[in-house]
Structures are given as structure tokens and as C-alpha cells.
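Note that these values count all heavy atoms, side chains included, but never hydrogens, waters or copies made by symmetry. Letters go in sequence order (proteins before strands), and every chain restarts at 1.
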Amino acid sequence: MKIQLLYFASLREKIGRAEEILETSCKTPGELFRDLRGRYGFTLVENDVRVAINHQFEKMDYLLKAEDHVAFIPPVAGG
Amino acid sequence: MMFDLLMTPIEETPQYQSAMRTHDDPQCGGIVSFAGRVRNHNHGQSVLFLEYEAYDVLAKKEAENILQEIHQKFPIKKILCLHRVGRLEIGDMAVWIQVTAEHRKPAFAATEYMIDELKKRVPIWKNEHYGNGESSWVQCHHR
């Protein structure tokens with residue numbers, strides 16, 4: 001299943017890009033995050049991040065669909 | 001009620017200038033403005049400048065959610081919130097909030113709620129650049 005990943009802040013910096021189109025067999029954002037972590041070696045863990053699918057906050061056990069836009073949200077620091 | 005992300009200095013925007021200069025609601029007597037500016041230090045380190053990054057679409061959505069909550073919780077008439085992104089120098093205004101209400105208590109409470117919730121929930125990040133050439137993404141621990 002093809003999905004579009006959006007990377008921000010420390011993730012974007014570590015991975016080296018802001019977007020990625022990925023072919024994945026991961027069923028949930030949780031699985032996907034662990035997969036990416038293994039692939040890219042960033043230090044953030046699942047508990048550190050939230051996930052947004054198609055620009056909306058969702059849970060880590062959301063069932064991914066083809067063409068979903070997935071963004072892992074590192075700890076925020078606005079204001 | 002309004003939230004916007006900008007790349008330009010907040011003080012130079014028409015929204016800010018108009019809001020600070022005019023008062024067109026004679027029913028309201030309590031107007032609170034909050035400005036968050038860039039400090040030159042954080043956790044004992046000397047900061048040279050900051051870079052703010054936002055997930056624009058989601059930041060605006062979540063900020064709108066906060067604005068809705070504010071209108072439900074506090075008897076206020078109007079709230080404006082502007083947040084700047086990109087590179088900011090020490091002293092620059094990063095975020096500005098203005099609340100207009102009939103009375104001051106809800107105006108203060110709504111302003112505090114806005115900044116507190118923004119800091120917890122809205123997908124905006126800040127990258128601090130230090131004197132030694134290093135930089136790090138801030139993790140907000142204060143509430």
C-alpha cells in the first residue's frame with residue numbers, strides 16, 4: 001500500500017527530507033513508526049509522538065489506507 | 001475569532017496594527033494582549049536565534065479547535081492569535097494574542113488558556129541556535 005509521509009522538525013532533520021512516498025505493508029501508524037525508526041535510527045519513541053492522518057490527529061492504532069498522508073508529530077514547542 | 005501563521009514580523013501586519021489601534025466594540029471594557037518574544041537564553045544556554053516550523057494545515061485546524069473551546073468556556077467577544085514562523089531574532093515577537101471581552105477576568109483567563117493550549121497541542125516547533133554553533137529542537141516542559 002502506497003502512503004505519503006510528512007516529516008517535521010527533528011524527524012525531518014534526522015531523515016533528511018520533508019516528504020516521502022512509501023510502499024508499506026504496515027497496518028497502523030504504530031507499526032509504521034517502529035518500521036521507520038528501525039530504518040532511520042531516530043531517537044524519538046512511540047510515546048513521544050502523536051500522529052496525524054490526512055491532516056487530522058488520529059490514534060496510533062488507526063488502520064492505514066492507501067494514499068493516506070501520515071505525519072508523526074514530535075513534541076511541539078510553539079509560542 | 002482568528003488564528004494565522006505568518007512569515008513576516010507580527011507588528012507589521014494589518015491585523016495587529018488595526019487591533020492595537022482601534023476599539024470598535026463599546027460594549028467591551030476588558031482587552032488583554034499577550035506578546036511572546038524570543039529570549040536570549042533557555043535552560044542556562046545562550047540562544048542566538050530561533051527557527052519556528054509549523055505543520056500549517058494541522059496547526060490552523062488545532063488552533064481553531066482551541067478558539068472554539070475558548071468561546072464555549074469564557075464569555076469573551078473576540079480573540080485574535082498570530083504566530084510567526086521562520087527565523088526569528090532575539091526580541092522578535094513569536095506569538096501575539098488579543099482578547100476582547102466585556103470584563104477583564106474572562107479576558108485574562110482566555111488569553112492564558114490560548115497560550116497554554118497552543119504550547120501543548122499546536123504542531124509548531126522551535127529550533128534553538130546556540131553560541132557554540134549547535135542547535136536543538138526544544139521540548140516544552142513548562143506548562
Side-chain angles (χ1 to χ4, degrees), chain A residues 2-22 24 28-30 32-33 36-37 39-79, chain B residues 3 5 10 34-39 42-43 47 50-66 81-85 88 92-97 111-129 134-143:
Chain A
K2 196 179 78 168
I3 56 161
Q4 167 126 40
L5 282 151
L6 304 173
Y7 299 123
F8 295 96
S10 56
L11 279 179
R12 181 185 52 71
E13 208 171 59
K14 178 72 183 181
I15 291 168
R17 48 173 141 178
E19 290 182 12
E20 178 173 22
I21 293 175
L22 192 72
T24 185
T28 65
L32 180 61
F33 186 80
L36 292 171
R37 193 165 188 271
R39 196 189 294 232
Y40 291 117
F42 44 79
T43 54
L44 281 179
V45 294
E46 234 176 292
N47 279 346
D48 290 337
V49 300
R50 285 180 288 170
V51 67
I53 315 283
N54 303 324
H55 318 302
Q56 199 163 293
F57 284 118
E58 298 287 355
K59 294 201 163 68
M60 285 302 227
D61 59 2
Y62 165 97
L63 287 174
L64 293 169
K65 303 184 313 293
E67 311 298 324
D68 272 346
H69 282 57
V70 181
F72 291 106
I73 311 290
V76 299
Chain B
F3 173 83
L5 290 167
I10 291 174
F34 170 79
R37 289 185 181 271
V38 178
R39 281 197 321 268
N42 195 25
H43 297 308
V47 176
L50 296 185
E51 280 172 322
Y52 279 93
E53 180 178 333
Y55 178 177
D56 277 49
V57 173
L58 189 62
K60 287 178 184 176
K61 268 198 198 173
E62 189 63 5
E64 284 297 329
N65 288 341
I66 298 170
C81 178
L82 301 176
H83 200 302
R84 191 170 154 199
V85 291
L88 270 73
D92 281 358
M93 203 186 286
V95 63
W96 175 75
I97 299 165
T111 306
E112 188 170 43
Y113 186 90
M114 182 79 222
I115 187 66
D116 284 354
E117 294 305 301
L118 183 146
K119 279 178 167 292
K120 276 191 280 191
R121 292 159 54 179
V122 176
I124 298 174
W125 298 271
K126 87 176 79 148
N127 197 13
E128 278 178 347
H129 290 255
E134 287 176 6
S135 64
S136 79
W137 292 93
V138 174
Q139 303 211 200
C140 259
H141 300 294
H142 51 273
R143 285 284 178 263

CA sep, side-chain torsions, deciding dist, call: A:Phe57, B:Lys61, side chain to side chain contact (heavy atoms under 4.5 Å, CB included): CA-CA 10 Å; A:Phe57 284 118; B:Lys61 268 198 198 173; over 6 Å; no
B:Gln139/A:Asp48 under side chain to side chain contact (heavy atoms under 4.5 Å, CB included): CA gap, chis, key distance, verdict: CA-CA 10 Å; B:Gln139 303 211 200; A:Asp48 290 337; 5.6 Å; no
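Within the 4.5 angstrom heavy-atom criterion, only side-chain atoms of A:Glu13, from C-beta onward, approach chain B. Within the 4.5 angstrom heavy-atom criterion, only side-chain atoms of B:Trp137, from C-beta onward, approach chain A. With a threshold of 4.5 angstrom between heavy atoms, B:Ala59 does not approach chain A through any atom at all. If you measure heavy-atom distances from B:Glu51 to chain A, you find no contacts under 4.5 Å at all. In this structure, the portions of B:Tyr55 lying under 4.5 Å from any heavy atom of chain A include both its backbone and its side chain. Heavy-atom distances place the backbone of B:Val122, and not its side chain, under 4.5 Å from chain A.
Among all heavy-atom pairs drawn from A:His55 and B:Leu58, the shortest one is O-CD1, 3.3 Å. Closest heavy-atom contact between A:Val76 and B:Arg121: CG2-N, 4.1 Å. Scanning all heavy atoms of the two residues, the minimum distance from A:Ala9 to B:Trp125 falls at CB-CG, 3.5 Å. Nearest heavy atoms, A:Phe8 versus B:Ala54: CE2-O, 3.9 Å.
Within 6.0 Å of NZ on A:Lys14 lie no more than 12 heavy atoms contributed by other residues, nucleotides or ligands. Counting non-hydrogen atoms of other residues, nucleotides and ligands closer than 6.0 Å to CD of A:Glu46 gives a total above 12.
B:Tyr52 places no side-chain N or O within 3.5 Å of a backbone atom of A:Ala77 that could act as its donor or acceptor partner.
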